[in-house]
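Have a look at the structure below, then the notes.
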Amino acid sequence: MRILVTGASGLLGLNLALSAASVSGGGHLVFGTVKEHVLKTDAFQAIRTDLLSPGAVERLLDQTQPDWVIHCAAMANVDACEAEPEQARQLNSELPARLATCVARGGARLVHISTDAVFDGQRGGYSEEDAPNPLGIYARTKLEGERGVAEANPQAIIARVNLFGWSMSGSRSLGEFFFYNLGARKRVLGFTDVFFCPILANDIAPILLQLLEKDLSGLFHVVSRECASKYEFGARLARRFGLDESLITPTSVANGGLKAARSPNLTLRTDKLVAALGEPPPDLSTSIEHFYTLYQQGYPQYLKKMEKGE
Ligand SMILES: NC(=O)c1ccc[n+]([C@@H]2O[C@H](COP(=O)([O-])OP(=O)(O)OC[C@H]3O[C@@H](n4cnc5c(N)ncnc54)[C@H](OP(=O)(O)O)[C@@H]3O)[C@@H](O)[C@H]2O)c1
């Protein structure tokens with residue numbers, strides 16, 4: 001398959017593009033878009049483009065002729081969205097709908113990446129049937145993006161994710177936050193009253209590829225089958241890496257000094273995904289183990305070298 005991954009310099013996009021390119025016997029030819037980042041790799045073909053510039057989406061699809069498009073490019077930083085709401089609207093709401101229209105016209109299949117943050121987190125245990133209630137600009141613009149995609153391209157898969165993993169910058173995920181701070185023996189806060197179900201970015205790729213192979217469409221929760229507080233996540237990660245978990249102070253998110261509102265309980269149900277694929281997504285221990293194995297294999301350095309072009 002010819003697979004186009006947008007946002008291939010980001011946390012999810014880079015890991016997805018690398019995973020899709022390395023599927024053994026899969027024969028995938030992968031293209032990945034970058035905007036600001038320099039990205040040098042032989043694993044896939046990097047294409048520099050600002051997807052918001054006029055005609056960029058059409059040119060990109062014309063150039064790459066994809067069978068499958070996985071749309072990861074977004075303004076994913078919650079506080080940046082609050083600071084620049086118009087940019088957030090263009091990237092998270094308008095662009096997905098425009099891309100979905102163009103992809104539908106060309107006959108390719110689309111996976112649009114969304115977020116667990118479309119829920120207000122008052123209850124937790126959300127299924128795809130539950131009504132979203134986004135708090136803040138990021139969540140609102142992402143929900144508008146979902147709706148625009150579903151309307152423009154009913155065949156599209158919309159995957160709500162929450163993830164961690166290794167990134168080029170080393171600062172894009174909560175896993176990296178705990179690993180690098182604890183490694184430097186710095187004290188950090190761990191929220192005991194914020195719950196989520198993070199899945200390793202690298203473990204998302206095979207799930208999305210299976211959804212595409214099975215020709216499915218619609219909304220899916222693509223998260224870990226196991227949920228935890230952010231504190232527990234940090235403590236478990238510290239234990240696996242042999243780091244000092246006592247450097248994590250358990251506390252309430254109210255003491256975190258965060259600007260944008262955060263939903264406290266973003267635990268999602270994955271029953272629909274399990275029914276579609278016939279197997280559950282990985283649990284947290286499996287994803288943390290995979291995160292650790294990648295570390296042992298020098299994967300974080302491998303990603304950093306891509307940015308330096310070494
Ligand atoms: N990270 C999480 O924990 C999390 C949780 C839930 C959902 N999600 C969703 O997962 C998806 C990926 O998130 P992420 O964390 O991987 O994001 P990220 O690391 O911030 O990466 C964002 C990507 O978008 C690209 N981009 C931004 N503006 C662009 C533009 N105008 N034209 C072309 N590309 C542009 C960036 O390119 P450059 O860097 O080259 O500029 C980068 O590759 C998003 O849809 C996000 O909402 C993420």
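When a ligand or atom number is given, it counts from 1 through the structure's own listing order. The residues of the chain are indexed from 1 along the displayed sequence.
Using modelled atom types, one finds a donor on one side chain and an acceptor on the other under 3.5 Å when comparing Ser246 with Asp244. Between the side chains of Thr49 and Arg59, not a single donor N or O lies within less than 3.5 Å of an accepting N or O. A side-chain N or O of Asn202 and one of Tyr299 form a donor-acceptor pair less than 3.5 Å apart. For His71 and Thr6, the side-chain atoms include at least one donor-acceptor pair closer than 3.5 Å. Side-chain contact annotation: Ser171 with Glu176, donor-acceptor N/O pair under 3.5 Å absent. At a cut-off of 3.5 Å, with distance as the only test, a side-chain donor of Asp283 or Thr286 sits close to an acceptor on the other residue. Defined by atom type and a distance below 3.5 Å, a donor-acceptor pair is present between the side-chain atoms of Ser287 and Asp203. Checking Glu146 against His112 by side-chain atom types alone, no donor-acceptor pair falls below 3.5 Å.
The shortest separation from a heavy atom of Ser173 to ligand 1 is not under 4.0 Å, leaving the residue out of contact.
Residue contact check: Thr49 has heavy atoms under 4.0 Å from atoms 32 (N), 33 (C) of ligand 1. Each of the atoms 11 (C), 12 (C), 44 (C), 45 (O) of ligand 1 lies under 4.0 Å from some heavy atom of Cys72. Taking every non-hydrogen atom of Tyr138 and a distance limit under 4.0 Å, the qualifying atoms of ligand 1 come out as 7 (C), 8 (N), 9 (C), 46 (C), 47 (O). Per-residue contacts place Asp50 under 4.0 angstrom from the following atoms of ligand 1 (heavy atoms of the residue considered): 30 (C), 31 (N), 32 (N). Annotation for ligand 1: atoms under 4.0 Å from non-hydrogen atoms of Glu36 are 38 (P), 40 (O), 41 (O). Listed by number with element, the atoms of ligand 1 under 4.0 Å from a non-hydrogen atom of Thr115 are 6 (C), 7 (C). Interface atoms of ligand 1 facing His37, defined by a heavy-atom separation under 4.0 Å, are 38 (P), 39 (O), 40 (O).
Taking distance alone, with nitrogen or oxygen atoms compared against 3.5 Å, Val34 stays at or beyond that limit from ligand 1. At least one N/O-N/O distance between Arg172 and ligand 1 falls below 3.5 Å. Considering backbone and side-chain N/O atoms, Asp116 never comes within less than 3.5 Å of an N/O atom of ligand 1. Considering backbone and side-chain atoms together, Ala73 places no N or O closer than 3.5 Å to any N or O of ligand 1. In terms of polar-atom proximity, Val161 is not counted as a contact of ligand 1, lacking any N or O under 3.5 Å from an N or O of the ligand.
For the side-chain contact (heavy atoms from CB on, under 4.5 Å) criterion with Leu52, the lone passing option out of Gln87, Glu94, Lys35 is Gln87.
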Decide side-chain contact (heavy atoms from CB on, under 4.5 Å) for Phe31 and Ile3; before the verdict, give the C-alpha distance in whole Å, the side-chain angles of both, and the deciding distance to 0.1 Å. CA-CA 6 Å; Phe31 304 88; Ile3 305 180; over 6 Å; no
May I have the step-by-step check of salt bridge (charged side-chain N to carboxylate O under 4.0 Å, His left out) for Glu144 and Arg147, ending in yes or no? CA-CA 5 Å; Glu144 281 164 19; Arg147 289 179 173 159; over 6 Å; no
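Among all protein heavy atoms, the one lying closest to atom 10 (O) of ligand 1 is Ile113 CG2, 3.3 Å. Distance from atom 30 (C) of ligand 1 to its nearest protein heavy atom, with residue and atom name: Lys35 CD, 3.3 Å. The protein non-hydrogen atom at the shortest distance from atom 38 (P) of ligand 1 is Ser9 OG, 3.3 Å. The protein atom (non-hydrogen) at minimum distance from atom 16 (O) of ligand 1 is Leu12 N, 2.8 Å. Of all protein heavy atoms, the one lying nearest to atom 21 (O) of ligand 1 is Gly10 CA, 3.3 Å.
Looking at Ala117 against ligand 1, nothing comes within 4.0 Å, counting heavy atoms. Contacts between Leu163 and ligand 1, counted as non-hydrogen atom pairs separated by less than 4.0 Å, involve both the backbone and the side chain. Using a 4.0 Å cut-off between heavy atoms, Lys142 contacts ligand 1 through its side chain alone, with no backbone atom that close.
Of the listed options Ala74, Gly7, Ala76, Ala74 places a heavy atom closest to atom 22 (C) of ligand 1. Here atom 32 (N) of ligand 1 lies nearest to Leu51 when heavy atoms of Thr6, Leu51, Leu16, Ile204 are compared.
Using a 30° and 60° split on the angle between ring planes, Phe291 and Phe164 fall in the perpendicular class, above 60°. In this pair, Tyr180 and Trp166 present their aromatic rings perpendicular. The plane angle is above 60°, beyond the 30 to 60° band.
Relative to the six-membered ring of Phe196, Lys230 meets both conditions, a distance below 6.0 Å and an angle of at most 45° to the axis.
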